[in-house]
Amino acid sequence: MDGASARLRYVLTSLEDTRAWGIALGAQLHSGDVIALIGDLGAGKTTLTQAIAAGMGITDPVTSPTFALAQEYLGPTPLFHFDPYRLDSQEAFHELGFEDYFERRGVIVVEWADKVLDLLPQDRLTVALSEVEQVDEALYESTRRLCVEANGTRSKQLLAQLKRLPQAARLLEQAS
């Protein structure tokens, strides 16, 4: 049933869109789900994680774990937030005991996931964030494209759920 990956693209034209999409995703997440975030500096990975946490019912402020490498947030389901940006190898990430978090019954979000993709489970949502070049300078800083890829049974279920949710469905990129 896993077969090929499934993909959707979203266009987020404001911070509010990013929050709405992240909250919609967060509300669907269960223990064991893994979200891999990929994007340049300033693409919105931490903002998206904050929205995911809000959708999960987490009320603590969510900050970038760049210097701590990992943050834990308690809620109805715990959120384990990782950022391997400063690490120079996948082995260094492995040595942190990253795999132990899979047994702790929470949701895992990894910023800069492209640095450690081989250590993440195949059944994950991979979210690539990128800025959209705009002619209108007023929109340039806030417009983002999200390309979401699902590679396993659970992640494909999540993607299908997102596609049906009105707050996320309205952001789907329309084919031109």
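Along the sequence shown, residues carry numbers from 1.
One N or O on the side chain of Lys115 and one on the backbone of Tyr85 form a donor-acceptor pair closer than 3.5 Å. The backbone N or O of Leu29 lies less than 3.5 Å from no partner atom in the side chain of Asp33, so there is not a single donor-acceptor pair.
The closest side-chain heavy-atom distance from Val107 to Val34 is not below 4.5 Å. Within the 4.5 Å cutoff, the side chain of Leu125 has no heavy atoms near those of the Glu149 side chain.
Residues Asn151 and Ser155 bring no donor and acceptor atom of their side chains to less than 3.5 Å of each other. Glu72 and His81 share no side-chain donor-acceptor pair at under 3.5 Å.
We find the CG-CZ distance between Leu129 and Arg144 to be 8.0 Å, quoted to the nearest 0.5 Å. A distance of 10.5 Å separates CD1 in Ile23 from CD in Gln50, rounded to the nearest 0.5 Å. Atom CD1 of residue Ile38 and atom CH2 of residue Trp112 lie 10.5 Å apart, to the nearest 0.5 angstrom. Taking CZ from Arg9 and CG from Leu146, the interatomic distance works out to 10.5 Å, rounded to the nearest 0.5 Å. To the nearest 0.5 Å, atom OG1 of residue Thr126 and atom CG of residue Asp114 are 10.0 Å apart. Atom CE of Met56 and atom CD1 of Ile52 lie 8.5 Å apart (nearest 0.5 Å).
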| request: Carefully, step by step, assess Gln28 and Leu165 under the rule side-chain contact (heavy atoms from CB on, under 4.5 Å). | output: CA-CA 10 Å; Gln28 303 304 309; Leu165 293 173; 3.6 Å; yes

| said: Is there a side-chain hydrogen bond (donor to acceptor under 3.5 Å, both in side chains) between Glu131 and Thr143? Walk through the geometry before answering. | reply: CA-CA 6 Å; Glu131 292 186 71; Thr143 302; over 6 Å; no

| task | Evaluate the criterion side-chain contact (heavy atoms from CB on, under 4.5 Å) for residue pair Thr63 and Thr46; output intermediate values, then yes/no. | result | CA-CA 7 Å; Thr63 60; Thr46 300; 6.0 Å; no

| said: Please determine whether side-chain contact (heavy atoms from CB on, under 4.5 Å) holds for the pair Val148 and Arg7, giving the CA-CA distance in whole Å, both sets of side-chain angles, and the decisive distance to 0.1 Å. | reply: CA-CA 5 Å; Val148 185; Arg7 290 188 181 102; over 6 Å; no

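Scanning both residues, Asp17 and Val11, for their nearest heavy atoms gives OD2-O, 4.4 Å. Val127 and Leu48 make their closest contact through CG1-CD2, 4.0 Å (heavy atoms, listed as atom of the first residue, atom of the second, distance). The two residues Leu79 and Ala53 make their nearest non-hydrogen contact at CD2-CB, 3.7 Å. Here the closest heavy-atom approach between residue Phe80 and residue Pro78 is recorded as CZ-CB, 3.9 Å. Residues Ala6 and Leu159 share a closest heavy-atom pair of O-CD2, 3.5 Å. Residues Thr77 and Arg105 approach most closely at CG2-O, 4.2 Å, considering heavy atoms.
Pairs passing the ring pair (Phe, Tyr, Trp, His ring centres under 6.0 Å) check and including a residue from residues 14-60, sequence neighbours excluded, read Tyr10-Trp21. Each salt bridge (Lys or Arg N to Asp or Glu O under 4.0 Å) pair with one or both residues in residues 93-102, not counting sequence neighbours, would appear here, but there are none.
In this structure, Tyr73 has no ring-ring contact (aromatic ring centres under 6.0 Å, His included) partners at least two apart in sequence or on a different chain.
Around atom CZ of Arg104, more than 12 heavy atoms belonging to other residues, nucleotides or ligands sit under 6.0 Å away. Within a 6.0 Å sphere centred on CG of Asp40, heavy atoms belonging to other residues, nucleotides or ligands number 12 at most.
Evaluated for a side chain to side chain contact (heavy atoms under 4.5 Å, CB included) with Arg124, the options Ile35, Val110, Leu117 yield exactly one hit, Leu117.
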